[in-house]
Protein chains: 2
Amino acid sequence: MTPEQLAPIGEVLARLLSPHAEVVLHDSATDQIAAIWNPLSGRVPGDPSLLGELDELTATATDAYGPYPKVLPDGRRLSSVSAVLRDDTGEPKYVLCVNVDRTAFESASRLLAAFAAPISAQPKAFFEHDWTEKLNELVAGYVQERGVPVERLSRSDRLELLSRLDKAGVLSQRKSVPVVARALQVSRSALYQLLAEARKEPHADPA
Amino acid sequence: MTPEQLAPIGEVLARLLSPHAEVVLHDSATDQIAAIWNPLSGRVPGDPSLLGELDELTATATDAYGPYPKVLPDGRRLSSVSAVLRDDTGEPKYVLCVNVDRTAFESASRLLAAFAAPISAQPKAFFEHDWTEKLNELVAGYVQERGVPVERLSRSDRLELLSRLDKAGVLSQRKSVPVVARALQVSRSALYQLLAEARKEPHADPA
DNA sequence: TCCAAACTGGACGTAAAGTCCAAAAGATGA
DNA sequence: TCATCTTTTGGACTTTACGTCCAGTTTGGA
């Protein structure tokens, strides 16, 4: 379990709570900040952790702490939680802290009560109702794009096209496999082979 | 990196955001829920994850996804983020998801815009191609229409709702049956019985 | 309270979904 | 042209999801 492996967690939490929270990963060996996302406190990796009290932590039943209150030098109030992460031997290795700035919520909550307006949302039109239609469109589109009829598409063409179909969800439609195979003019076996390949190497679309 | 080692993170996040969020740890090997804290969705460990292609994930620059929108069967709207956790070899091993119930915030969307706004739908691709969304929308819509929660719908209500779901093509989506059954809160068997009935008597829409 | 209708969990047969392989068909280059 | 490498094919085979069925239990009304 390395900081790199844990990074997605920090990243994702920072995003979820942005801009009202910071996420800090402390290394308990060095007692320094190993990584930090969206720092509210202005700290950077390498800074001392100043959490010292790992001993306190080890006393408790669970490795989850908080939420408990904190205050920043500038007066902002925080809610904080901490998770102790242990290595395979059970030794504490990292401490992950999330600090949420409550000031925004507090002031908001005061103003909130008055406005209780419902929000109507537009259900989007999702997957094509008739997936064969979708299939046809995609195939036709591709063929036109290449100016080559299906039966003369190269292997890599088929790979690319199949990848698109897969991403469009056509293949997660019931009983679609044989139909798709016929559309691409390959055998069912070949389809699965191509599919395995297509899914391995995601043919990055320029998005 | 085991679920046990990661447990404190889940615990701590659930506490921090409680009662407005659930935290789910997916095992990408089995595509099942390894652990869940404060379940809003009623899922339990061992349930299928319904995460889509992990391959898609490998394509991206970062292992952090979201926030993106979701809807629960009961109509609550969620903000979700996901973090992909890899083992030493770089293989995806777990996916940690945090789902925050936004309904409380939505009524204050203006004030809390910063919190609720960054809902740029992006990783559409990686959660199973959105028939679950459709399912949720339809169920939520129906529930709202009747003003009765799912678990108290009458038989004929369920029949009607199921008919809609069927017409919307949800049931011709692979692996959807158990999910739909759970959404309607009936057993798989009962679902098939209802379905047979629904298909016999097309509950004529006035079209 | 009792009955009939409905639901449940599980067993079961079937049909797709996927995997695998040996042989055929195409490519490639000397 | 021949030898070799790659890809495709058809088919056998395993696994997974679908759909049916049934006995036992629950539920909602009369």
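Small disclaimer: the values here were computed from a predicted structure and weren't measured. Below, chain A is the first sequence line, B the second, and so on; all start at residue 1.
A 4.5 Å side-chain heavy-atom check between A:Gln173 and B:Arg174 finds every atom pair outside the cut-off. When side chains are defined from C-beta on, B:Asp157 counts as touching B:Tyr142, because their heavy atoms get closer than 4.5 Å. B:Val81 has its side chain out of reach of B:Tyr65: every pair of non-hydrogen atoms, C-beta onward, lies at least 4.5 Å apart.
Between the side chains of B:Gln5 and A:Asp87, not a single donor N or O lies within less than 3.5 Å of an accepting N or O. No hydrogens or angles considered: nothing links the side chains of A:Thr89 and A:Glu91 as a donor-acceptor pair under 3.5 Å. Residues B:Glu22 and B:Asn38 bring no donor and acceptor atom of their side chains to less than 3.5 Å of each other.
Between the CG atom of A:Leu195 and the C1' atom of C:dG18 there is a distance of 10 Å, given to the nearest Å. Distance, A:Arg152 CZ to C:dG26 P: 15 Å, rounded to whole Å. Summarising the geometry, the separation between CG on A:Leu171 and C1' on D:dA17 is reported as 17 Å, rounded to the nearest angstrom. For the pair A:Gln173 CD and D:dA17 P, the interatomic distance rounds to 16 Å; values are reported in whole Å. To the nearest angstrom, P of C:dA16 lies 12 Å from CZ of A:Arg182. To the nearest angstrom, C1' of D:dC18 lies 11 Å from CZ of B:Arg199. Straight-line distance from the CG atom of A:Leu184 to the C1' atom of D:dT8: 14 Å, rounded to whole Å. Between A:Lys175 atom NZ and C:dG18 atom C1' there is a gap of 17 Å when expressed in whole angstrom units.
OP1 or OP2 of D:dC18 has at least one side-chain nitrogen or oxygen of A:Arg174 nearer than 4.0 Å. In this structure, A:Tyr192 does not reach the C:dT19 phosphate: none of its side-chain N or O atoms is under 4.0 Å from OP1 or OP2.
Between A:Glu197 and A:Arg158 no salt bridge is recorded (no basic side-chain N to carboxylate O distance below 4.0 Å).
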Q: Encode nucleotides 2-12 of chain C as B, S and - characters from 5' to 3', where the letter depends on protein heavy atoms closer than 4.0 Å: B to the base, S only to sugar-phosphate, - to neither.
A: ----SSBBBB-
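Residue B:Ser154 is out of contact with every strand shown, counting any heavy-atom pair closer than 4.0 Å.
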